[in-house]
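Heads up: the structure comes next, in structure tokens.
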Amino acid sequence: MIKKRFYITTPIYYPSAKLHIGHAYCTTLTDVFARYKRMRGFECYFLTGADEHGQKIEKNAASAGKTPQQFVDEIVDGFYKLWELLDISNDDFIRTTQDRHVKVVQDIFSKMLEKGDIYLGKYEGWYCTPCEAFWTDTQVGPDHICPDCGRPVQMAEEEAYFFKTGNYLDSLLKFYDDNPKFLVPESRKNEMINTFIKPGLDDLCVSRTSFSWGIPIRENPKHVIYVWLDALTNYITALGYDSDHPELFKKYWEDPECEIIHILGADITRFHAIYWPMFLESLGLRKPDREFVHGLLMMKDSKMSKSKGNVVDPFPLVERYGVDALRYYLTREVTFGSDGSFSPEQFVERINADLANSFGNLLNRTVSMINKYFDGVIPEYKGDVTAFDGALRTAAESTVRLYESNLDDLKITEAIAAVNDLVSRANKYIDETTPWVLAKEGKIEELASVMNHLANAIFVAAKLYEPVLVKSSPKAFDQLGIDENDRDYEKVYKFGSIGGTKVVKGDQLFPRLDAAIEVEYIQGLMGLRKE
RNA sequence: CGCGGGGUAGAGCAGUUGGCAGCUCAUCAGGCUCAUAACCUGAAGGUCGUAGGUUCAAGUCCUUCCCCCGCAACCA
């Protein structure tokens, strides 16, 4: 089941406005998974990017007095900054305006046209003349009003190319049957079938003539390629499909030993789960192994939305609380796969309870005791000495197994929760063994064993946390005095391997936050500050 | 009858194949002093939205109704 290599992607985000915490959510989850795989010794190629064409960008650029390219350049610059800030470990970043993408998409279109999978037809919709935009039934509402300018719209039609979904529908359904784990959670598959396929799947409109900011169709240059044929294909163009440099494509897409995983949000499931496999089949290419649909992160009262403006900007959050706090919150708070909601209270509570009180404090008190009782040198492992040692050791060992089995199945939230349990267990162990009593009674061997077991438990926890706590886990290793070359993952299997190093008391990993002050601060960021 | 997801302790949520209702935070009481007002123990607090049904046994399966929320051809 476990393959040798992994290719994992986020969706490419649309740079019509700045990114918000929802984008950060998706990318962070993907990053955690990629880092986990690499930590386990697998090759893992991680792609993210930007989907830069379309009418909305053309319009937003115009109203900003810029060319579309200038406009997206500036916004995408913000993408780079955010991913750098969040320590995202992507191997590549694709932009749909890059030559390597544009040319290949044109080729793909030509292939499909030639093959008969794409035909020229007519697109019908509600048209707003002043806005030069087509809208759907729901967008115009019962009053047939342009959602953008509020003026009435008319039914209109324009020439457009369509992708013939009928050619691949049976094959898609068979693919679903043959690959029950393709779409996770499974409820999404039923949604696809019930909502879109059963009522009759329409052909997909893949071109527009009403705007020009897009990839022109060679065979008919007044058309530009419309959205999904342009956007979805990024997953293969980034690897060099159909180019002079197909090495990565061969290695990650064509090799059956590579597992291909797309992470995406619930709102774009349809495109990834229905049209993308069809496109690939049309091109004679292999389909992804898994598509994982994560839930949407809602604001406390309503869906977070660029248009409603109630978004949380991740930048100030990271500035104030650190990368790890935000990464941790995003991976831990919302069960991967179901919707969640962001609230300042939950954010502060999560950081305080799990990171400050439990993990950070555990490290801090342990380092203090090793300093106090053993002049800072972690005693060597001597097996289980006190009556409680065995329980802590087995807890650590089973945590590793639980963590791995959950993460291998993309259950990131559960995996992290398992590590939290180990941390709690270690805190409890201190109360059970009462090291200060052992010290007073001169039971040095027992005291030494307790310190060693604590250091080892902390090492295991910090190592397992590392894909999430990219800055703090190394700091924890520093405080335990573990050399940079001595932090390999294999050590989590050998409880007792830590010992003999000199601890270095450092800053608190996560200072406890004052809830009242911080909640107010975050509410301010959200524009929710009470008057 | 458009589709889908929800309604479980004061708040936020878990609850795989039906088998004594759990977790985190908050509250109360106690313990401890290595530590970040932390940590550990214990208690209180739920007729699992409603009304029926199947069953020895239902949060879990079936049906009725009520309420909330998403989606419905570019918001992750």
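Only this structure's heavy atoms are used, side chains among them; waters, hydrogens and symmetry mates stay out.
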The residue, A:M369 or A:H53, whose nearest nucleotide of RNA chain B is more 5′ is A:M369
Heavy atoms only, 4.0 Å cut-off, all strands: where does A:D51 land among base, sugar-phosphate and nothing?
nothing
Calculate the interatomic distance between A:H272 atom NE2 and B:C75 atom P; express it in whole Å.
13 Å
A:Y275 near the nucleic acid: base, sugar-phosphate alone, or nothing, with a heavy-atom cut-off under 4.0 Å?
base
Strictly by Watson-Crick or wobble contacts shorter than 3.5 Å, is anything paired with B:C23, and which nucleotide is it?
B:G12
Report the distance from atom CD1 of A:I351 to atom P of B:C25, rounded to the nearest whole Å.
14 Å
What's the NZ-C1' distance between A:K428 and B:C32, to the nearest Å?
15 Å
Using the P atom as the point on both nucleotides, what is the distance between B:G18 and B:G59, in whole Å?
13 Å
Can you tell me how far C1' in B:C1 sits from the matching atom in B:U64, rounded to whole Å?
14 Å
State which of B:C34, B:C74, B:A76 makes the closest approach to the side chain of A:H23.
B:A76
Could you tell me which non-hydrogen atom of A:V206 sits nearest to which non-hydrogen atom of A:F109, and how far apart they are?
CG2-CE1, 4.1 Å
Which part of the nucleic acid does A:P435 contact within heavy-atom distance under 4.0 Å: base, sugar-phosphate only, or nothing?
nothing
Between CZ of A:R350 and P of B:A26 the distance, given in whole Å, is 12 Å
Heavy atoms only, 4.0 Å cut-off, all strands: where does A:Q508 land among base, sugar-phosphate and nothing?
base
A:D92 (side chain) donor-acceptor with A:L47 (main chain) under 3.5 angstrom:
no
Does B:C39 have its OP1 or OP2 closer than 4.0 Å to a side-chain nitrogen or oxygen of A:Y429?
no
How would you label the contact of A:N427 with the nucleic acid (heavy atoms, under 4.0 Å): base, sugar-phosphate, or nothing?
sugar-phosphate
Pick the closest RNA chain B nucleotide for A:F510 and for A:A353 by heavy atoms, then say which residue is nearer the 5' end.
A:A353
Within the 4.0 Å heavy-atom criterion, would you say A:D514 contacts the bases, only the backbone, or no part of the nucleic acid?
nothing
Side-chain N,O (A:N364) to OP1/OP2 (B:C34) below 4.0 Å
no
Would you confirm whether A:N352, through its side chain, and A:L513, through its main-chain N or O, come within 3.5 Å as a donor-acceptor pair?
yes
A:S405 (side chain) donor-acceptor with A:L402 (main chain) under 3.5 angstrom
yes
Roughly, in whole Å, what's the span from CG in A:N357 to C1' in B:A26?
13 Å
Under the criterion of centre distance below 5.5 Å and interplanar angle below 30°, is A:W436 classified as stacked on the base of B:C34?
yes
With both distances under 3.5 angstrom, what nucleotide forms a Watson-Crick or G-U wobble pair with B:C28?
B:G42
Paired with B:G70 by Watson-Crick or G-U wobble geometry, both distances under 3.5 Å: which nucleotide is it?
B:C3
How many Å lie between CD1 on A:I268 and C1' on B:C71, as a whole number?
14 Å
Can you tell me how far P in B:C69 sits from the matching atom in B:A76, rounded to whole Å?
23 Å
Residue among A:I263, A:T9, A:L232 satisfying side-chain contact (heavy atoms from CB on, under 4.5 Å) with A:H272:
A:L232
Would you mind telling me which of B:G12, B:A76, B:C74 lies closest to the side-chain atoms of A:H20?
B:A76
Taking the P atom in each of B:U27 and B:C62, what is the distance between them to the nearest angstrom?
41 Å
Counting side-chain heavy atoms from CB outward, which of B:C39, B:A73, B:C34 is closest to A:S368?
B:C34
Could you point out which residue of A:L469, A:D324, A:V423 forms a side-chain contact (heavy atoms from CB on, under 4.5 Å) with A:L355?
A:L469
Apply the ring-ring contact (aromatic ring centres under 6.0 Å, His included) test between A:F93 and each candidate in A:F46, A:W83, A:Y80; give the one that qualifies.
A:Y80
Between C1' on B:C25 and CD on A:E345, what's the gap in Å once rounded to a whole number?
12 Å
B:G49 and B:A9: how far apart are their C1' atoms, nearest whole angstrom?
16 Å
Determine the Euclidean distance between corresponding P atoms of B:U17 and B:U60; express it in Å to zero decimal places.
13 Å
Could you state the atom-to-atom distance from CG of A:L183 to P of B:G4 in whole Å?
15 Å
